[in-house]
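Values below: all heavy atoms of this structure, side chains included; hydrogens, waters and symmetry mates excluded.
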Amino acid sequence: MEELNQLLKQRRQKAQELSDMGVELYANDFKPTHSISELLPHKETIPEGADHTAGPRFTIAGRIMAMRKFGKAAFLQLQDASGKIQIYIKRDAVGPDVYTHFKKLDIGDIAGFTGTLFITKTGELSLMASVLKPITKSLLPLPEKFHGLTDVETRYRQRYVDLIVNPEVKETFKKRIEIISLIRDFLNNRGFMEVETPMMHPIAGGATAKPFQTHHNALDMELYLRIAPELYLKRLLVGGFEKVFEINRNFRNEGLSTRHNPEFTMLEFYQAYATYHELMDLTEEMVSWIATEITGSMQVTYQGENVDLAPPWKRLTMVESLVQIGGIPLETLQDKEKTFALAKEKGIDLDENVGLGKAQTELFELLVEDKLIDPTFITAYPTEVSPLARRNNDDPTVTDRFELFITGREIANAFNELNDPIDQKQRMEQQIEERGDDEEIFPILDKDFIRALEYGMPPAAGEGIGIDRLVMLLTDSPSIRDVILFPHLRPEKN
RNA sequence: GGGUCGUUAACUCAGCCGGUAGAGUAUCUGCCUUUUAAGCAGAGAGUCGCGCGUUCGAAUCGCGCACGACCCA
């Protein structure tokens with residue numbers, strides 16, 4: 001028998017006492033007639049000082065969040081999914097037996113009440129209870145009412161408690177769900193079709209990242225949790241679906257930070273016969289619309305910084321951004337030796353085999369990225385860092401690609417898709433060669449993907465948007481863990 | 001992987017130049033039928049994250065470990 005502390009013993013004892021009185025501790029037959037939020041508008045129509053017992057009766061259920069007990073009466077705060085309301089319960093109204101049951105209830109218990117609405121002396125809408133029904137006994141005490149639960153470790157490990165006691169946390173996750181729903185609406189309205197592609201891949205492709213590995217017993221084969229859905233969505237373009245999207249988890253076996261969780265949610269969408277310019281337009285429209293729906297404005301504040309999401313957004317090539325924002329002379333950027341020298345001076349360690357484009361990209365990440373607060377599309381990414389993107393017709397050293405940055409963070413990545421199977425195969429092989437010594441990245445050529453391209457993939461543009469980061473922006477959340485219900489943590493002791 | 005900070009009652013936190021562990025909330029008891037961080041009076045509640053060391057004596061000092069946060073890679 002485990003040793004229980006005093007508080008836990010007391011709760012168990014009260015539960016036993018209630019049970020002994022014939023009260024069902026975990027009742028399953030209670031039906032509220034109303035949600036709490038449905039009662040709140042009545043405040044406007046009930047005259048102050050009106051008869052407590054007059055008016056229609058309502059039945060509600062929820063968790064008791066606070067109790068202010070007097071000898072033979074008490075006020076409670078009851079919380080359900082929709083809101084909170086005060087309950088007034090007095091012995092004379094419910095009878096001595098029920099009042100005895102009530103005295104055995106604790107903060108945290110779930111209970112149902114039937115009663116009439118009235119306004120208290122202090123002007124608060126309240127339910128005068130005539131019926132009380134204990135529904136679920138809580139054996140663990142909730143955190144303190146005033147400070148709530150602030151210990152982040154407990155908040156993440158026991159998100160259910162966090163959600164009970166911290167209303168703003170619940171709001172953030174409601175917004176997350178709403179954002180995803182708005183994305184679906186937006187894309188569905190434009191004729192995109194939502195699809196589901198495999199989460200377990202025989203080859204981890206579509207991005208460069210370390211995958212999680214698993215094993216399929218019946219087929220006796222290794223499988224990888226997907227690092228990106230890209231190659232499957234493109235197969236669907238080959239198959240004739242011209243506008244597809246998928247919103248789901250990607251898994252990357254890499255470090256954790258305020259911006260990285262090993263599983264994260266990605267929107268990817270592909271549109272045949274479109275170009276990345278059209279996707280920039282679409283992205284501006286979608287994100288600014290969602291911001292308006294969620295926050296009421298296209299001007300949002302993120303961690304004290306003002307961000308203007310109103311279109312049109314700034315569009316710069318990577319080289320332009322290095323000149324304008326990074327302060328690097330164009331002449332330097334066009335010369336491989338000078339660029340490498342500058343990179344070295346800035347403390348960037350570059351392999352001798354890499355090209356000018358890689359060096360530019362590193363300089364961009366170091367000098368420009370975190371200065372892009374208002375939304376900015378960076379275009380013309382070097383080909384050598386864009387293995388799946390189509391080369392630019394006029395300058396084959398860069399691709400028809402953009403990344404979108406807001407508050408210094410990468411939010412989206414998009415490009416005209418490479419649909420030349422010969423070029424694609426060569427570039428994949430080159431990638432494999434370059435990362436060949438990193439054993440955890442599993443360099444395997446996806447021959448079936450090449451075969452699909454050989455059948456002919458229509459010209460298309462595709463984009464990925466990191467949903468977690470978008471939600472962070474629109475909910476002013478400093479850490480990705482604040483927008484993921486159950487973020488990854490090491491296991492608890494014991 | 002490196003650095004900094006943190007871990008004390010169920011929760012929020014004090015205590016830390018070493019000397020038998022404290023507050024508020026919550027809980028329990030008594031009083032209280034319009035309170036809203038209700039009030040008044042009283043009480044109980046702790047492996048001070050874990051381990052080793054220094055010391056007559058460690059929540060406090062040192063080392064190691066665990067978990068977490070932030071920053072860096």
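Between B:A59 and B:C17, the distance separating the two P atoms is 14 Å to the nearest Å. Going from the C1' atom of B:G46 to that of B:G15 covers 14 Å, rounded to whole Å. A distance of about 15 Å separates the C1' atoms of B:G64 and B:U54, rounded to the whole Å. Of the P atoms belonging to B:A69 and B:G51, the separation is 24 Å, rounded to the nearest Å. If you take atom C1' in B:C32 and the same atom in B:G24, they sit 23 Å apart, rounded to whole Å. Separating the P atom of B:C65 from that of B:U4 is a span of 14 Å, rounded to the nearest Å. Nucleotides B:C50 and B:C13, compared at atom C1', are 23 Å apart to the nearest Å. Between B:A21 and B:C67, the distance separating the two P atoms is 30 Å to the nearest Å.
Between A:Glu171 and A:Lys174 there is a salt bridge, since a side-chain N of the basic residue sits under 4.0 Å from a carboxylate O of the acidic one. Using a 4.0 Å cut-off between charged side-chain N and carboxylate O, A:Lys210 and A:Glu254 make no salt bridge. Salt bridge status for A:Arg427 with A:Glu429: absent, with no side-chain N to carboxylate O gap under 4.0 Å. Salt bridge absent: A:Asp468 and A:Arg249 never bring a charged side-chain N and a carboxylate O closer than 4.0 Å. Under a 4.0 Å N-O distance rule, the pair A:Asp351/A:Lys358 does not qualify as a salt bridge. A:Asp106 and A:Arg11 are joined by a salt bridge, as a carboxylate oxygen and a charged side-chain nitrogen come within less than 4.0 angstrom of each other.
Within 3.5 Å, a donor on the side chain of A:Gln86 pairs with an acceptor on the base of B:U35, or the reverse. Side chain A:Thr150 to base B:U12: no donor-acceptor pair is found below 3.5 Å.
Residue A:Gly148 is in sugar-phosphate contact alone, with no base atom involved, counting any heavy-atom pair closer than 4.0 Å across all strands shown. Counting non-hydrogen atoms under 4.0 angstrom, A:Leu489 reaches the backbone sugars and phosphates but no base. Residue contacts for A:Lys14: at a heavy-atom cut-off of 4.0 Å it reaches the sugar-phosphate backbone alone, with no base atom in range.
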Atom pairs under 3.5 Å: protein N/O with N/O of nucleotides 24-26 of chain B:
unit_1	atom_1	unit_2	atom_2	d
B:G24	N2	A:Glu144	OE1	3.3
B:U25	O3'	A:Lys145	NZ	3.4
B:A26	OP1	A:Lys145	NZ	2.8

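Atom OH in A:Tyr99 sits about 10 Å away from atom C1' in B:C32, given to the nearest Å. Taking atom NZ of A:Lys90 as the reference point, atom P of B:U35 lies 13 Å away to the nearest angstrom. In this structure, the CD atom of A:Glu153 is 10 Å from the P atom of B:U8, given to the nearest Å. B:C71 atom C1' lies 15 Å from atom NE2 of A:His260, rounded to whole Å. Atom CD of A:Gln13 is separated from atom C1' of B:G44 by 14 Å (rounded to the nearest Å). If you take CD of A:Gln158 and P of B:C67, they are 18 Å apart, rounded to a whole angstrom. Rounding to whole angstrom units, CD of residue A:Glu254 and P of B:A73 are separated by 16 Å. The distance from atom CG of A:Leu366 to atom C1' of B:A73 is 13 Å, rounded to the nearest whole Å.
Classification of the A:Phe118-A:Tyr88 ring pair by plane angle, with boundaries at 30° and 60°, yields tilted.
For B:A10, one of the phosphate oxygens OP1 or OP2 lies less than 4.0 angstrom from a side-chain nitrogen or oxygen of A:Asn5. Residue A:Arg490 places none of its side-chain N or O atoms closer than 4.0 Å to OP1 or OP2 of B:A66. Remark: A:Arg481 is in phosphate contact with B:C70, judged by side-chain N or O atoms under 4.0 Å from OP1 or OP2.
Lacking a ring centre under 5.5 Å from that of the base six-membered ring together with a plane angle below 30°, A:Phe70 does not count as stacked on B:U33.
Ring centroids of A:Phe405 and A:Phe364 are separated by less than 6.0 Å, placing the two rings close together. Aromatic pair A:His488/A:Tyr156: ring centres not closer than 6.0 Å.
A salt bridge (charged side-chain N to carboxylate O under 4.0 Å, His left out) with A:Asp162 is found for exactly one of A:Arg481, A:Arg157, A:Arg155, namely A:Arg155.
Each of A:Ala66 and A:Leu256 has a nearest nucleotide on RNA chain B; the 5'-most of these lies closest to A:Ala66. For the pair A:Thr154 and A:Thr258, both in contact range of RNA chain B, the more 5′-proximal nearest nucleotide belongs to A:Thr154.
Ranking B:U35, B:U33, B:C11 by closeness to the A:Pro143 side chain, first place goes to B:C11.
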Convert the base pairs of RNA chain B into dot-bracket notation, remembering that pairs crossing earlier ones are written with [ ] and that bases paired across to another strand are shown as |; include only Watson-Crick or G-U pairs under 3.5 Å. (((((((..((((.....[..)))).(((((.......))))).....(((((..]....)))))))))))).
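A:Arg57 and A:Thr116 share no side-chain donor-acceptor pair at under 3.5 Å.
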